[in-house]
There are 2 protein chains.
Amino acid sequence: MAKAQSKRELILDIAEASVLSKGFGGTSIDEIISAADITKSGFFYHFRDKNHLARALLQRYLDTENAILDDIFDRARDLHGDPLHSFLIGLKLFAELMEDLPNGHPGCLVATVAYSERMFDQEVRDLNRQAILAWRERFLGVLKEIAAIYPPRDDVDLMTVADMITGTVEGGIVLSRAVGETAVLPQQIVLLRSYIRLLFSPAL
Amino acid sequence: MAKAQSKRELILDIAEASVLSKGFGGTSIDEIISAADITKSGFFYHFRDKNHLARALLQRYLDTENAILDDIFDRARDLHGDPLHSFLIGLKLFAELMEDLPNGHPGCLVATVAYSERMFDQEVRDLNRQAILAWRERFLGVLKEIAAIYPPRDDVDLMTVADMITGTVEGGIVLSRAVGETAVLPQQIVLLRSYIRLLFSPAL
DNA sequence: ATGACCACTGTACCGGCGGTCAAGTCGCGG
DNA sequence: CCGCGACTTGACCGCCGGTACAGTGGTCAT
């Protein structure tokens with residue numbers, strides 16, 4: 001949670017933390033404005049209503065997450081030219097990043113939106129959908145490169161494998177939070193890495 | 001969603017559907033009581049407050065889910081004596097069950113509780129935690145049986161593999177809902193099955 | 001210096017929602 | 001016919017999302 005440079009960013013910071021711990025419907029504007037030391041009118045100056053807050057929240061979240069993913073997998077590319085090995089390094093870096101979060105992963109807004117669909121307008125739901133589809137394409141691209149060199153050992157659909165990357169993270173976050181063990185998420189990513197290695201490695 | 005035999009069950013049916021589509025904080029008692037054709041006092045006769053509703057909701061959900069899992073993996077046991085093959089059959093049956101849901105999986109209450117932690121008292125959070133831990137133990141038992149016969153091909157922690165079963169389902173549900181493709185969840189389960197097979201099969 | 005604009009504040013109001021309270025109703029089994 | 005479980009009636013409270021609109025202090029270009 002970086003220091004807010006403007007009231008608008010401060011509102012988003014506070015709202016994000018609250019939404020991830022209480023859900024969107026459980027987050028009150030009154031609570032946000034008192035924490036941000038702003039008036040109700042001040043809040044509605046920045047966001048027309050709660051739906052606009054949700055959209056800004058989700059958009060900002062997706063931008064930062066995608067920047068992190070770009071960074072990790074770009075660095076992994078620099079460390080190894082081979083697509084399989086570079087991807088495995090990327091997953092390891094990702095797991096380490098998740099492990100270094102002191103209080104565990106704060107939660108994924110995509111999941112909260114998915115579990116409160118009927119609270120949002122079509123625009124927010126579409127944004128959420130496009131985010132998942134973008135991750136699917138991102139990982140599918142890498143997996144196709146890998147499969148071109150290393151034929152998969154099992155007859156799997158690469159798109160489903162791409163979804164598994166996102167799904168493992170989403171599932172790992174739910175588990176981590178529910179049991180209160182921050183280690184669960186990084187462990188799940190490492191296990192996913194084991195599957196990818198097993199799937200594409202020629203006779204380990 | 002079976003037909004309610006009592007007003008109490010009817011309230012739980014309506015509340016469950018609403019909580020899974022709008023979140024707990026987004027579900028209003030007024031909305032539940034008008035759908036259940038009951039008065040507000042009638043609602044509070046059955047549940048002292050929203051927290052007690054949450055507890056009853058979660059408890060009932062866990063009981064039915066565990067009964068379904070018992071049924072599936074018991075049937076799989078009957079179909080094949082070998083623990084690995086029986087587990088693989090169980091996962092297939094599970095995937096088929098998820099595929100046959102006409103509108104996709106309605107969502108998992110464990111995930112909604114995990115993503116609205118601060119809305120509930122300690123009792124509800126503990127119930128949620130115990131549910132995940134019970135699934136961990138359930139699958140860990142099976143995996144230990146399998147590993148005793150088929151040594152895993154990769155040096156994995158079986159508890160983490162057990163968590164992966166639960167995590168795949170939770171992640172698969174989030175993805176399915178977010179992209180609006182009911183097929184994603186069953187696909188993820190089938191892919192998990194591919195990993196289990198790959199992990200334990202002696203040189204496929 | 002002045003005026004326009006940005007980022008807010010102040011105040012008053014609305015209906016919905018979670019929750020409380022006390023008293024009453026209706027059917028059913030003992 | 002009495003008691004009990006499963007509700008209803010109706011009045012009330014304070015919080016919350018949202019609306020409306022007039023006002024204010026600082027910054028910046030002219």
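All heavy atoms count here, side chains included; hydrogens, waters and symmetry mates do not. All values reported here derive from a predicted model rather than from experimental measurement. Sequence lines set the chain letters: A, B, ... in the order given, protein chains first and strands last, and positions in each chain run from 1.
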**Request:** Among residues two or more places apart or on two chains, list those pairs meeting side-chain hydrogen bond (donor to acceptor under 3.5 Å, both in side chains) that have a residue in residues 106-117 of chain B.
**Result:**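 Non-adjacent pairs meeting side-chain hydrogen bond (donor to acceptor under 3.5 Å, both in side chains): zero.
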
**Complete:** Contacts satisfying side-chain hydrogen bond (donor to acceptor under 3.5 Å, both in side chains) that involve residues 166-176 of chain A (not counting sequence neighbours) are none

[atom1] of [X] versus [atom2] of [N]: gap in Å, rounded?
X      : N      : atom1 : atom2 : result
B:I33  : C:dC17 : CD1   : C1'   : 10 Å
A:D37  : C:dC8  : CG    : C1'   : 12 Å
B:D30  : D:dG17 : CG    : P     : 16 Å
A:I29  : C:dC17 : CD1   : C1'   : 14 Å
B:R8   : D:dA6  : CZ    : P     : 10 Å
A:D121 : D:dG17 : CG    : P     : 17 Å
B:L10  : D:dC7  : CG    : C1'   : 14 Å
A:F43  : D:dG17 : CZ    : C1'   : 10 Å

Any residue meeting side-chain hydrogen bond (donor to acceptor under 3.5 Å, both in side chains) with [X], in chain and number order, not counting sequence neighbours:
X      : result
B:Y150 : B:D82
A:Q130 : none
A:N51  : none
B:N128 : none

**Asked** Applying the side chain to side chain contact (heavy atoms under 4.5 Å, CB included) test to A:L84, which of A:I196, A:V142, A:I149 qualifies?
**Response** A:I196

**Prompt:** Nearest to the side chain of B:I38, which nucleotide is it out of D:dC16, D:dT8, C:dG19?
**Reply:** D:dT8

**Item:** Candidates C:dT9, D:dT9, D:dG18 - which lies nearest the side chain of A:T39
**Value:** C:dT9

What does the list of N/O pairs under 3.5 Å between the protein and nucleotides 20-26 of chain C look like, with a distance for each?
unit_1 : atom_1 : unit_2 : atom_2 : d
C:dC21 : N4     : B:S41  : OG     : 3.4

**Prompt:** Is the shortest side-chain N/O distance from B:H46 to OP1 or OP2 of D:dC7 below 4.0 Å?
**Reply:**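 Yes, B:H46 has a side-chain N/O under 4.0 Å of OP1/OP2 on D:dC7.
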
**Asked** Any side-chain N or O of A:Y45 less than 4.0 Å from the OP1 or OP2 oxygen of C:dA7?
**Response** yes

**Message:** Classify the ring geometry of B:F73 against B:F139: parallel below 30°, tilted from 30° to 60°, perpendicular beyond 60°.
**Reply:**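 Perpendicular: the ring planes of B:F73 and B:F139 meet at over 60°.
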
**Request:** Could you pull out all residues at least two apart from A:H52 that satisfy ring pair (Phe, Tyr, Trp, His ring centres under 6.0 Å)?
**Result:**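 By the ring pair (Phe, Tyr, Trp, His ring centres under 6.0 Å) rule, A:H52 matches no residue at all.
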
**Prompt:** Axis-to-axis angle across the helix from C:dA1-D:dT30 to C:dG30-D:dC1, five pairs an end, to 10 degrees?
**Reply:** 10°

